[in-house]
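None of these values were measured; they are calculated from a predicted model.
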Amino acid sequence: MIGADKGQTPALDGQNLRIGVVQARFNEGVTNALHLACVTELAVLGVRADNIVHVTVPGALEVPLALQTMARSDGRYDALVALGCIIRGETYHFELVANESGAGVTRVSLDNGIPIANAILTTENMAQAVVRQVEKGRDAARVAVEMALLKERLE
């Protein structure tokens, strides 16, 4: 939610983290903006550009497989980010894509023990997506770094 009370975020230092970013190309204008906001915020948090790997896939349903492949790469990544944009249409397809991509992202995270920031937008229309694209891209970067650091601390 835009302007939501997200609570106090601890100080985040991502300088030693390796982050993988999977971007769906469907609704590419929005997903490009999500990606730009995400990598810009990762840089603000100290993540070096050469420690960010970015791949693209056709759409939101393909995101979980790319995430799974990255998650199974023997510790190459400390956290992953899922970027996409699903806009409600006139058929049930919206629910199928939104539910399955979301469940897939969560399953990959839990099955592989790696934090994944899910910034696959699910909106009623393009205007809602455009309003959210920058904030959600930034949020995804912060979540990925915070959860990678938390996981490291807990282990």
Side-chain angles (χ1 to χ4, degrees), residues 1-4 6 9 12 14 17-45 47-148 151:
M1 178 168 55
I2 298 297
K6 299 173 187 170
T9 303
L12 301 174
L17 297 179
R18 297 153 303 162
I19 308 292
V21 179
V22 178
Q23 175 189 344
R25 292 188 305 271
F26 204 90
N27 293 312
E28 193 169 38
V30 172
T31 66
N32 282 343
L34 280 164
H35 176 254
L36 178 60
C38 180
V39 296
T40 300
E41 188 68 13
L42 287 171
V44 167
L45 297 172
V47 179
R48 294 190 333 259
D50 61 334
N51 278 347
I52 301 169
V53 174
H54 173 237
V55 299
T56 63
V57 295
L61 286 175
E62 292 75 38
V63 168
L65 179 59
L67 291 169
Q68 179 175 274
T69 303
M70 294 171 103
R72 293 182 176 171
S73 64
D74 294 327
R76 184 171 172 198
Y77 303 97
D78 298 299
L80 302 172
V81 176
L83 304 176
C85 179
I86 308 164
I87 299 174
R88 185 180 298 280
E90 297 173 359
T91 68
Y92 180 73
H93 188 67
F94 170 85
E95 283 83 3
L96 180 134
V97 175
N99 292 338
E100 293 302 317
S101 65
V105 169
T106 300
R107 189 169 49 251
V108 170
S109 179
L110 295 174
D111 288 352
N112 295 282
I114 188 168
I116 301 177
N118 187 347
I120 298 177
L121 301 178
T122 53
T123 64
E124 295 294 323
N125 53 55
M126 181 61 77
Q128 288 179 352
V130 169
V131 166
R132 287 160 177 77
Q133 63 193 10
V134 173
E135 183 176 356
K136 291 304 289 182
R138 278 193 215 123
D139 285 350
R142 297 188 71 74
V143 166
V145 170
E146 181 175 350
M147 292 304 295
K151 182 176 184 284

Which atoms form the tightest heavy-atom contact between [X] and [Y], and what is the distance?
{"X": "Ala140", "Y": "Ala117", "value": "O-CB, 3.3 Å"}
{"X": "Val97", "Y": "Ala60", "value": "CG1-CB, 3.9 Å"}
{"X": "Ile86", "Y": "Ala98", "value": "CD1-CA, 3.7 Å"}
{"X": "Ala144", "Y": "Val81", "value": "CB-CG2, 3.8 Å"}
{"X": "Ile120", "Y": "Asn118", "value": "N-OD1, 2.9 Å"}
{"X": "Ser109", "Y": "Ile116", "value": "N-CD1, 3.6 Å"}

Set of salt bridge (charged side-chain N to carboxylate O under 4.0 Å, His left out) partners for Glu28, sequence neighbours left out: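 Per chain and number, Glu28 pairs via salt bridge (charged side-chain N to carboxylate O under 4.0 Å, His left out) with no residue.
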With sequence neighbours left out, write down each residue that passes salt bridge (charged side-chain N to carboxylate O under 4.0 Å, His left out) with Arg138, or none if nothing qualifies.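 So Arg138 forms no salt bridge (charged side-chain N to carboxylate O under 4.0 Å, His left out) with any residue.
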[X] side chain near [Y] side chain, heavy-atom distance below 4.5 Å:
{"X": "Leu80", "Y": "Val22", "result": "no"}
{"X": "Thr123", "Y": "Arg132", "result": "yes"}
{"X": "Leu65", "Y": "Glu62", "result": "no"}
{"X": "Val21", "Y": "His35", "result": "yes"}
{"X": "Met126", "Y": "Val30", "result": "yes"}
{"X": "Ile114", "Y": "Met70", "result": "no"}

Do any N or O atoms from the side chain of Thr56 and from the backbone of Arg25 form a donor-acceptor pair under 3.5 angstrom?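 Pair absent, no side-chain N/O of Thr56 close to backbone of Arg25.
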For Leu61 and Glu100, run side-chain contact (heavy atoms from CB on, under 4.5 Å): C-alpha distance rounded to whole Å, both residues' side-chain angles, the deciding distance at 0.1 Å, then the answer. CA-CA 7 Å; Leu61 286 175; Glu100 293 302 317; 3.8 Å; yes
Quick one: do Val39 and His54 satisfy side-chain contact (heavy atoms from CB on, under 4.5 Å)? Show the steps, please. CA-CA 9 Å; Val39 296; His54 173 237; 6.0 Å; no
Could you tell me whether His93 atom NE2 has more than 12 heavy atoms of other residues or ligands within 6.0 Å of it?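 12 or below, so no.
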Counting only heavy atoms not in Phe26 (residues, nucleotides, ligands), do more than 12 fall under 6.0 Å from its CZ?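 For Phe26, atom CZ is not crowded (no more than 12 foreign heavy atoms under 6.0 Å).
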Looking at Val145, Leu45, Leu12, which hits side-chain contact (heavy atoms from CB on, under 4.5 Å) with Leu17?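 Among Val145, Leu45, Leu12, the one that satisfies the side-chain contact (heavy atoms from CB on, under 4.5 Å) with Leu17 is Val145.
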Can you tell which of Leu67, Thr69, Val63 makes a side-chain contact (heavy atoms from CB on, under 4.5 Å) with Val108?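 Exactly one option meets the side-chain contact (heavy atoms from CB on, under 4.5 Å) with Val108, and it is Leu67.
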Pick out which of Asp78, Asn51, Asp50 makes a side-chain hydrogen bond (donor to acceptor under 3.5 Å, both in side chains) with Arg18.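 Output: one option passes, namely Asp78.
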Using distance alone, with no hydrogens and no angle criterion, decide if Asn32 and Gln133 have a side-chain donor and acceptor under 3.5 Å apart.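 Side chains of Asn32 and Gln133: no pair found under 3.5 Å.
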Nearest 0.5 Å please: distance from the CG atom of Leu42 over to the CZ atom of Arg48.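 So the gap between those two atoms works out to 13.0 Å.
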In Å and rounded to the nearest 0.5 Å, what is the CG to CD distance from Asn112 to Gln68?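 The CD atom of Gln68 is 6.0 Å from CG of Asn112, to the nearest 0.5 Å.
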